[in-house]
Amino acid sequence: TDPALIRNFCIIAHIDHGKSTLADRMLQITGVVEERAMRAQYLDRMDIERERGITIKSQAVRLPWDGHVLNMIDTPGHVDFTYEVSRSLQACEGAILLVDAAQGIEAQTLANLYLAMNADLHIIPVLNKIDLPAAQPEKFAEELAGLIGCDPSDVLKVSGKTGEGVRELLDHVVATVPAPVGVADAAARALIFDSVYDTYRGVVTYVRVVDGHLGKRERILMMSTNATHETLEIGVISPEPKPAELGLGVGEVGYLITGVKDVRQSRVGDTVTSAGKPAQEMLAGYEHPKPMVFSGLYPIDGDEYPELREALDKLQLNDAALVYEPETSAALGFGFRVGFLGLLHMEIVRERLEREFGLSLISTAPNVVYRVVMEDGKELTVTNPSEFPTGGKIAQVFEPVTKSTILAPAEFIGAIMEICQGRRGQLLGMDYLSEDRVEIRYTLPLGEIIFDFFDQLKSRTRGYASLDYEPAGEQEADLVKVDILLQGEAVDAFSAIVHKDKAYGYGVDMAKKLRELIPRQQFEVPIQAAIGARVIARENIRAIRKDVLAKCYGGDISRKRKLLEKQKEGKKRMKMVGRVEVPQEAFVAALSTD
Ligand code: GDP
Ligand code: MG
């Protein structure tokens, strides 16, 4: 295709403002999805996306429109998936900034707009959901125009639901988004922006061609690893994969398959070139995202450790933000310490591992990364509470902080400040976006916002507040490690690093929870919460002689056997902590976040 006829754009917005629904209408109007094959949020292809009603992965689709080729990328809106969005932006020249006409600008509207501006994209402001009775298109067109610095009459108005205004929007994309520029006769350079492991076809690599041309049955070179492969298939997504006999040229977005099964051969951010005529310089690639939250992941069945490793390798291909390394826990056995971008990311990774790879997993309580400076000047980076040094030799502990932005109706200012102050927040500033809408900025410890902060915020503002945050360095804090001891023995999986003021609460809660969850043993089991050698909470599990046959009074022998079998089964799923038998379920329940 002649690059002059190509338009690459993405749809960005706050969560739920209708990106995926607008993408649906575009698929329909351009005729790439037949009427009878259409379903809502067509591009949310994963079960987990459909069930939760959220987009997790960006999806690129090629649409024919008015003699042109449009490559449209639908993106996720949640703050944890900003990395997905920023990668998509690099494959585009334009962005549709979508705003719900009944809600107005929200926190991720701003965050995504800034990302698009940084990527130098042409921005098309669009109000969506104008079919809603509660829509206030005039009011929000002004708000949006004020934000972007354009005239309110330049803001397009559409309904992704009814299709109103969508044709005009597509025409506007053709008219205003710049065509891609690249050198057609240069050595080929294509940026890998995503890849996925397919059981039948091996690694499928998604690329945007910047210069030159990539063809079928061509030997290609991955520039960062120097590996060469042959392209077995090359094509475009429209909306299913369609082989392209002529290959991909300047500005085109598509996929390639080499039949390679080794997932490490296709790295997101790498440059693909032609092995016969290799490019000299790689494309810029992506900055690696820094994991913000860590948690231990362990197979419930210890034999599944190798499967877990393989599953992580494969999932990492499709989730470039995922990092992990092996770790061992005295209580849970062999597993991995896994880094995530946030709690939603953590939930999704775990769920995908369980669903897509058939694993059952335990995850330990999530924590952020701490920097500990010892009195002798040594420094430690702690991603696992059990590595937190004990004893009196700690000089300083630093925790990561964020710059958080909250958007809400002005009537909630008081409630929002109260929540933030309760979590050691420091007010940075406040601005009115309009007479009844404020933007409040706080410095907040990451450890305080990743847990129930957002739920609290939503419930105290009747759902009206939205939150965005970005890393903003670190600060010194009064943090301690709370250990949980069973019969005097610390259980590593239950240790947590918490602020001094919250240590007591954590200890008491955990000791109570465990008293409920751990069955009585043949001896008394004290449960203690302690900071170093100082016990801050204590519970007791009283002794009992557990005789499973007591209920059977002689009687039916087969029933007796069944009970004994059952007890044996149960034994297998017990973990020994010292002399104490702790059922696997107790770990799962005690470590669950709710
Ligand atoms: P995304 O998170 O931005 O991808 O948003 P979705 O496309 O998943 O839409 C979120 C919700 O808004 C869904 O319940 C949609 O049915 C609804 N929605 C999206 N666009 C429109 C629209 O134009 N009008 C109305 N009334 N509802 C819409
Ligand atoms: Mg979506």
Side-chain angles (χ1 to χ4, degrees), residues 9-29 33 38-61 63 72-89 92 95-113 115-116 123-138 140-141 144 155-170 172 194 237 239 319 342 344-345 347-348 407 454 458 463-464 466-468:
F9 69 99
C10 52
I11 308 176
I12 53 175
H14 190 74
I15 198 158
D16 274 351
H17 281 205
K19 296 174 289 297
S20 300
T21 306
L22 177 62
D24 285 349
R25 290 296 82 67
M26 292 183 172
L27 293 176
Q28 222 169 5
I29 288 173
V33 177
M38 198 61 211
R39 52 162 203 257
Q41 282 93 22
Y42 190 93
L43 297 176
D44 289 342
R45 297 175 200 256
M46 287 192 274
D47 290 347
I48 182 169
E49 291 179 306
R50 308 194 64 80
E51 278 163 27
R52 291 177 180 241
I54 56 168
T55 306
I56 294 165
K57 292 293 297 178
S58 292
Q59 293 286 343
V61 186
L63 311 169
M72 179 260 292
I73 306 186
D74 180 22
T75 64
H78 192 280
V79 52
D80 281 17
F81 304 119
T82 300
Y83 180 60
E84 276 292 310
V85 181
S86 65
R87 290 207 324 274
S88 307
L89 295 177
C92 297
I96 292 176
L97 179 67
L98 205 61
V99 172
D100 186 327
Q103 303 282 337
I105 293 166
E106 307 264 13
Q108 269 84 44
T109 313
L110 295 179
N112 286 325
L113 170 65
L115 285 176
I123 290 155
I124 304 176
V126 178
L127 283 180
N128 188 30
K129 309 199 189 181
I130 51 165
D131 62 289
L132 285 176
Q136 296 176 276
E138 301 316 318
F140 291 125
L144 190 49
V155 176
L156 278 74
K157 301 183 178 76
V158 306
S159 164
K161 187 170 173 186
T162 66
E164 189 183 342
V166 178
R167 288 168 180 277
E168 290 78 359
L169 175 55
L170 289 170
H172 194 80
D194 202 359
I237 310 283
D319 184 348
L344 179 62
H345 186 213
E347 264 180 52
I348 300 288
L407 263 62
F454 190 54
K458 280 276 174 194
Y464 279 115
S466 60
L467 165 76
D468 188 70

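Along the sequence shown, residues carry numbers from 1. In each ligand, atom 1 is the first atom listed, and ligand 1 is the first ligand listed.
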Contact check: [X] vs ligand 1, nitrogen or oxygen atoms, below 3.5 angstrom:
| X | answer |
| --- | --- |
| D74 | no |
| I15 | no |
| G160 | yes |

Is [X] reaching over with its side chain to a backbone N or O of [Y], donor-acceptor style, under 3.5 angstrom?
| X | Y | value |
| --- | --- | --- |
| R25 | G160 | yes |
| S88 | S58 | no |
| K458 | G463 | yes |
| R87 | T82 | no |

> Can you list the atoms of ligand 1 that are under 4.0 Å from a heavy atom of K19?
Replying inline: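 Those of ligand 1 that fall under 4.0 Å from K19 are 1 (P), 2 (O), 3 (O), 4 (O), 5 (O), 7 (O).
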> Which ligand 1 atoms, with their elements, are less than 4.0 angstrom from a heavy-atom of L132?
Replying inline: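 What qualifies from ligand 1 is 26 (N).
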> What part of H17, side chain from CB on, backbone N/CA/C/O, both or neither, has a heavy atom under 4.0 Å from ligand 1?
Replying inline: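 Near ligand 1, H17 shows its backbone, while the atoms from C-beta on stay back.
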> Of the backbone atoms (N, CA, C, O) and the side-chain heavy atoms from C-beta on, which set of D24 has a member under 4.0 Å from an atom of ligand 1: side chain, backbone, both, or neither?
Replying inline: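 Within the 4.0 Å criterion, D24 makes no contact with ligand 1.
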To the nearest 0.1 Å, how far is [atom] from its closest protein heavy atom, and which atom is that?
| atom | result |
| --- | --- |
| atom 21 (C) of ligand 1 | K129 CG, 3.5 Å |
| atom 20 (N) of ligand 1 | N128 ND2, 3.5 Å |
| atom 13 (C) of ligand 1 | Q41 NE2, 4.1 Å |
| atom 24 (N) of ligand 1 | D131 OD1, 2.7 Å |

> Charged N to carboxylate O below 4.0 Å: is that the case for K57 and E49?
Replying inline: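 Result for this pair is no, no salt bridge flagged.
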>> Less than 4.0 angstrom from a charged side-chain N to a carboxylate O is my criterion; do D100 and K129 meet it?
In response: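 Salt bridge flag = yes for K129 with D100.
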> Counting heavy atoms only, which of T21, D16, I12 comes nearest to atom 19 (C) of ligand 1?
Replying inline: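 Closest candidate by heavy-atom distance is T21.
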> Which value, rounded to 10°, describes the OG(S20)-the Mg ion (ligand 2)-OG1(T55) angle?
Replying inline: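 Output for this angle: 90°, rounded to tens.
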> Does Y464 OH have over 12 foreign heavy atoms under 6.0 Å away?
Replying inline: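 Not more than 12 within 6.0 Å, no.
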> Do E164 and S159 meet the criterion of a side-chain donor-acceptor pair at a distance under 3.5 Å?
Replying inline: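 Per modelled atom types, E164 and S159 side chains form no pair under 3.5 Å.
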> In Å, rounded to the nearest 0.5 Å, how long is the span from CG of L27 to CG of L22?
Replying inline: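 Taking CG in L27 and CG in L22, the distance rounds to 9.5 Å.
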>> When you measure from atom 4 (O) of ligand 1 to the protein, is at least one non-hydrogen atom found at a distance under 4.0 Å?
In response: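 When distances to the protein are checked, atom 4 (O) of ligand 1 has a heavy atom within 4.0 Å.
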